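Predicted model only: the values in this text are computed from it and were never measured. Throughout, a chain's letter reflects where its sequence line sits, starting with A, and its residues are numbered from 1.
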Amino acid sequence: MAARTILHIDMDAFFASIEQRRNPALRSRPVAVIGRGHRTVITTASYHARRYGVRTGMNIYEARRLCPQVVFVKANNRIYTDTSRRILAILEGFSPKIEPFSIDEAFIDVTGSTSLFGTPRTIALSIKKRIREETGLGSSVGIGPNKLMAKLASSMQKPDGLVLIEEGEVRSVLERLPVERLCGIGRKLAGRLNAMGIRTCGQLADCPAGILKSSFGMTGERLKLMAQGIDTSPVASVEEQERTRSVGHSITLPRNTSDTKTLKAYLLRLSEKVCSRARKHGLAGTRLILTVRYSDFHTFTRSRPLPCPTNDTRAVYLHALRIMDSIELKKAVRLIGIAMDVLARHLCQESLFEEDRRRTDLLRAMDTVNESFGEFTLTWGTILESRGETGVISPSWRPTGARNIDET
DNA sequence: TCTGGGGTCCTAGGACCC
DNA sequence: TCTGGGGTCCTAGGACCC
Ligand SMILES: [Mg+2]
């Protein structure tokens, strides 16, 4: 593959910084952005709050204990998604090859942009400047010969970072780098590698392929490549990306329950969320997966194929009920969720796609109203019985396409 | 007073088939 | 008396990312 130049842009404490822009009184204080309800978690901590140990995923009581003066701010998801779109629009000015990686991160391939916009470092500085001018927010940028190295580079200096890893520097950068610093090596993999005496990427790169293959299978081969800084995956724009494979929603209940009537009301609500999103994006479900988390956090799934591809709320809801009825609950339920494996609607055999003209029209009409006036403006009776969500934004949100969060 | 929600990909065991 | 070996599909679980 010809030499490439990839940038990874990572916004600094994205949600928290946005809130501090909106409300100057927050700028001098440790801020943690949270969802709704008492069971929510920290989605982003400002750098000030991080100094006290406040971290993403931490519950609010723990955060308060570590940093009593922390200011909790409820997430304003619509503002975050709007800001994300504005940042992507800025990036589009520098190259068409942009891959949104999450709500606050993106890769951009600037290999063909240097004659127009200058050196990679100049481009990175221009991007950081434009983002700050237009949104008031800080970002960190990593530059590398591939996505893996660009992402590593952006993590090496933040906030307001700019790190360039040249092709010729890859080896020396990785030599003493702990394996878990690479995107794709998490806690478990790192633990297993460490147990084998492998702590750094240099050691991992030197480990015989056979040993990695026998311990990790296919993953082992990839690990060895990663440790050498090799990553051939292209920067894939939203249009180029693989089709959406699944659509799902889940909810941690305001309080644990064993009451199946309550759980079924939530299932209808979740079915409607999943199906309205599938309809909006022309997707049809082929399989439904029900997830249950007990009070003790034990989590399991049960799934069943849908008899024919569908995105009809009623069909999916009834299917969810059948799965639910096959489960004998052993403990009080903390979380319930459904996910659908999906296909593009036009890929479904017409004869197999369950469609009733009048029903399709009804669903379309309801979707239109709900788009304009808000989710669940029009809904089915039993949904009204279920209330209360944690309302945490998903970082897997994408500016376009089926990936989604609650923007309300 | 603990511990969100949205995804993708890989593995492994049993069923089933040739 | 000894007892195939693949391959694929289905399902559940788990690792990883933000
Ligand atoms: Mg960030």
[atom1] of [X] versus [atom2] of [N]: gap in Å, rounded?
X         : N       : atom1 : atom2 : answer
Arg222(A) : dA15(C) : CZ    : C1'   : 11 Å
Phe216(A) : dA12(B) : CZ    : P     : 12 Å
Tyr61(A)  : dG4(B)  : OH    : C1'   : 14 Å
Met58(A)  : dG5(B)  : CE    : C1'   : 18 Å
Ile338(A) : dG5(B)  : CD1   : P     : 14 Å
Ile336(A) : dG4(B)  : CD1   : P     : 16 Å
Leu193(A) : dC16(C) : CG    : P     : 10 Å
Leu270(A) : dG7(B)  : CG    : P     : 12 Å

So which nucleotide from [options] ends up closest to the side chain of [X]?
X         : options                  : value
Thr219(A) : dA12(C), dC10(B), dG5(B) : dC10(B)
Glu105(A) : dT3(B), dC18(C), dG5(B)  : dC18(C)
Ser246(A) : dT8(B), dC10(C), dG5(B)  : dT8(B)
Arg277(A) : dC17(C), dC10(B), dG7(B) : dG7(B)
Thr244(A) : dT3(B), dT11(B), dT8(B)  : dT8(B)
Arg187(A) : dC16(C), dG4(B), dA12(C) : dC16(C)
Pro305(A) : dT11(C), dG7(B), dC18(C) : dT11(C)

When we call it a touch if two heavy atoms are under 4.0 Å apart, what does [X] touch: a base, just sugar-phosphate, or nothing?
X         : result
Phe297(A) : base
Ile185(A) : sugar-phosphate
Ile289(A) : nothing
Glu242(A) : nothing
Leu189(A) : sugar-phosphate

Phosphate oxygens OP1/OP2 of [N]: is one of them under 4.0 Å from a side-chain N or O of [X]?
X         : N       : value
Lys151(A) : dC17(C) : no
His249(A) : dG6(B)  : yes
Ser250(A) : dG6(B)  : yes
Ser303(A) : dT11(C) : no
Arg245(A) : dC9(B)  : yes
Arg334(A) : dT3(B)  : yes

Query raised in the report: Hey, are Glu221(A) and Lys224(A) close enough for a salt bridge, meaning a charged N less than 4.0 Å from a carboxylate O?
Result: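 Not counted as a salt bridge, because no side-chain N and carboxylate O are separated by less than 4.0 Å.
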
**Report entry** CZ (Arg86(A)) with more than 12 external heavy atoms under 6.0 Å
**Finding:**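 It does: Arg86(A) CZ has more than 12 such atoms within range.
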
**Report entry** Heavy-atom neighbours of Arg199(A) CZ exceed 12 at 6.0 Å
**Finding:**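 Result for CZ/Arg199(A): open.
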
**Report entry** Secondary-structure notation, DNA chain C, from Watson-Crick and G-U pairs under 3.5 angstrom (| other strand)
**Finding:** ....||||||||||||||

Query raised in the report: Just checking, is any N or O donor in the side chain of Ser102(A) or Asp104(A) under 3.5 Å from an acceptor N or O on the other one?
Result: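 Result is yes, a qualifying pair exists.
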
Requested in this report: Could you tell me how the ring of His8(A) sits relative to the ring of Phe107(A): parallel (under 30°), tilted (30 to 60°) or perpendicular (over 60°)?
Outcome: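 Rings of His8(A) and Phe107(A): tilted, 30 to 60°.
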
Query - Geometric class of the Phe300(A)/Tyr294(A) ring pair [parallel <30°, tilted 30-60°, perpendicular >60°] - result: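 Tyr294(A) vs Phe300(A) ring planes: tilted.
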
Query raised in the report: dC18(C) and dT3(B): how far apart are their P atoms, nearest whole angstrom?
Result: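 About 23 Å, rounded to a whole number of Å.
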
Query raised in the report: Quick check: does any side chain N or O of Asn76(A) sit under 3.5 Å from a backbone N or O of Ile79(A), one acting as donor and the other as acceptor?
Result: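 Side chain of Asn76(A) to backbone of Ile79(A), a donor-acceptor pair under 3.5 Å: no, none is there.
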
Query raised in the report: Distance from Thr200(A) atom OG1 to Arg176(A) atom CZ, nearest 0.5 Å?
Result: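 Those atoms lie 9.0 Å apart.
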
Query raised in the report: Taking the nucleotide of DNA chain B with the closest heavy atom to each, which residue, Gly248(A) or Ser295(A), is nearer the 5' end?
Result: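 Its nucleotide being nearer the 5' end, the pick is Ser295(A).
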
Taking only distance into account, with no hydrogens and no angle test, what donor-acceptor pairs under 3.5 Å do side-chain atoms of residues 25-33 of chain A form with protein atoms, sequence neighbours excluded?
from	atom 1	to	atom 2	distance (Å)
Arg27(A)	NE	Gln20(A)	O	2.7
Arg27(A)	NH2	Arg21(A)	O	2.9

Report task. Syn or anti for dC2(C), please, going by whether the chi angle lies within 90° of 0. Result ->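 Anti for dC2(C); the angle lies over 90° from 0.
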
